[in-house]
Number of protein chains: 2
Amino acid sequence: MATINSPETEQLLTPAEVATMFRVDPKTVTRWAQAGKITSIRTLGGHRRYRAAEIKALLAGLPVDGARSQD
Amino acid sequence: MATINSPETEQLLTPAEVATMFRVDPKTVTRWAQAGKITSIRTLGGHRRYRAAEIKALLAGLPVDGARSQD
DNA sequence: TAGTAGTGGGGTAATTGGGGGT
DNA sequence: CATGTCCCAATTACCCCACTAC
């Protein structure tokens, strides 16, 4: 099966998206990224983007490893 | 502009919201979540969020299945 | 190029969680 | 057994302004 997960197909979410899904403030999502609880991808301007797959896993209550200390 | 286009996007309520709707204290709502009477979704910080659809059903007097033993 | 909305950073007030007792 | 209240620690929400994204 050698099915490769194309990184180019990885959908990214904005802080507002994640904040809406968790019913929290966008600032709180930023804190989670700073705390290393979620994977944060930074734009060239300094803004954060989050992986849709990871956020969905978090909402499902699944512990997600992959976010160590990036921010 | 962070436009969500997911039919599976569930609306969540804060403990204060549910407490106000039921005319009880937020602590009591927490008890219900611990007892598995209502579905509880936790934020990454440990705070609980509740499904709006389920709370509405409960307020309507409908028996809701889906909360077994989560907390 | 300009305009609007979203985001980041810092700081402060309010809410929440947990245990314990009524 | 279920609910309301007190304690403290942690988390979250809202205020400002400057910059980025589209």
Side-chain angles (χ1 to χ4, degrees), chain A residues 3-71, chain B:
Chain A
T3 308
I4 306 178
N5 313 352
S6 311
E8 304 297 330
T9 318
E10 193 63 77
Q11 182 181 358
L12 298 180
L13 300 177
T14 62
E17 302 264 7
V18 182
T20 302
M21 294 171 70
F22 277 94
R23 214 335 191 160
V24 294
D25 203 89
K27 293 287 188 167
T28 302
V29 181
T30 299
R31 295 178 184 274
W32 294 345
Q34 291 177 351
K37 295 178 180 178
I38 53 178
T39 304
S40 60
I41 301 175
R42 316 269 300 203
T43 65
L44 298 182
H47 288 196
R48 280 177 258 251
R49 292 288 119 92
Y50 308 97
R51 293 179 175 272
E54 182 171 345
I55 301 304
K56 289 183 194 174
L58 258 12
L59 279 173
L62 301 175
V64 176
D65 187 16
R68 309 255 162 116
S69 57
Q70 307 156 1
D71 198 72
Chain B
M1 179 170 84
T3 305
I4 299 181
N5 256 13
S6 299
E8 297 187 32
T9 303
E10 304 225 25
Q11 182 65 24
L12 301 178
L13 298 177
T14 63
E17 284 282 304
V18 181
T20 302
M21 295 169 72
F22 277 95
R23 281 299 209 154
V24 294
D25 279 288
K27 286 292 187 179
T28 302
V29 181
T30 300
R31 299 280 188 187
W32 295 344
Q34 290 177 352
K37 296 181 180 179
I38 54 178
T39 304
S40 61
I41 299 176
R42 318 264 293 199
T43 65
L44 297 187
H47 287 201
R48 295 186 184 87
R49 295 283 118 96
Y50 307 98
R51 298 193 176 209
E54 182 170 341
I55 300 304
K56 286 193 235 174
L58 260 6
L59 282 173
L62 300 175
V64 176
D65 185 20
R68 317 224 155 149
S69 58
Q70 303 151 4
D71 200 79

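Naming convention: chains lettered A, B, ... in sequence-line order (proteins, then strands); numbering from 1 in each chain.
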Residue [X], side-chain heavy atoms: nucleotide from [options] that is nearest:
X	options	value
A:Arg48	C:dT15, C:dG9, D:dA21	C:dG9
B:Lys27	D:dT12, D:dC15, C:dG18	C:dG18
A:Arg42	C:dG9, C:dT7, C:dG17	C:dG9
B:Lys37	D:dA2, D:dT12, C:dG18	D:dA2

Problem set entry | A:Asp25 (side chain) donor-acceptor with A:Lys27 (main chain) under 3.5 angstrom | yes
Exercise. Hey, is the main chain of A:Thr39 close enough, under 3.5 Å, to the side chain of A:Arg51 for a donor-acceptor pair?
Worked result: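 Looks like no, no N/O pair under 3.5 Å.
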Taking atom [atom2] of [N] as reference, at what distance in whole Å does atom [atom1] of [X] sit?
X	N	atom1	atom2	value
A:Asp25	C:dT15	CG	C1'	13 Å
B:His47	D:dT11	NE2	P	8 Å
A:Arg23	C:dT15	CZ	C1'	13 Å
B:Tyr50	C:dG17	OH	P	5 Å
A:Ile41	D:dA21	CD1	C1'	17 Å
A:Leu12	D:dC22	CG	P	11 Å
A:Gln34	D:dT11	CD	P	13 Å

Exercise. Nearest nucleotide by nearest heavy atom, which residue falls closer to the 5' end of DNA chain C, A:Arg31 or A:Arg49?
Worked result: A:Arg49
Problem set entry | Comparing A:Thr43 and A:Val24 on DNA chain D - which has the more 5′ nearest nucleotide | A:Val24
Problem set entry | From B:Met21 atom CE to B:Leu59 atom CG, the distance as rounded to the nearest 0.5 Å | 4.5 Å
Problem set entry | Reported CZ-to-OG1 distance for the pair B:Arg48 and B:Thr14, which is rounded to 0.5 angstrom |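 With rounding to 0.5 Å, CZ (B:Arg48) is 13.5 Å from OG1 (B:Thr14).
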Within the pair [X] and [N], is there a side-chain N or O less than 4.0 Å away from OP1 or OP2?
X	N	value
A:Thr28	D:dA13	yes
A:Thr14	C:dT7	yes
B:Trp32	D:dA2	no
B:Thr30	C:dG17	yes

Exercise. At what angle, to 10 degrees, do the two end axes of the helix from C:dG3-D:dC22 to C:dG19-D:dC6 meet, given five pairs define each axis?
Worked result: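 That helix gives 60° between its end axes.
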Problem set entry | Heavy-atom pair with the smallest gap, counting every atom of A:Ser40 and A:Ala33 | CB-CB, 3.8 Å
For this session: Determine the minimum heavy-atom distance between B:Arg49 and A:Val24, stating which atoms define it.
Result: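 Reported closest heavy-atom pair: NH1-CG1, 3.2 Å.
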Problem set entry | Contact list for residues 16-59 of chain A, test ring pair (Phe, Tyr, Trp, His ring centres under 6.0 Å), sequence neighbours left out |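 Listed by first then second residue: A:Phe22-A:Trp32.
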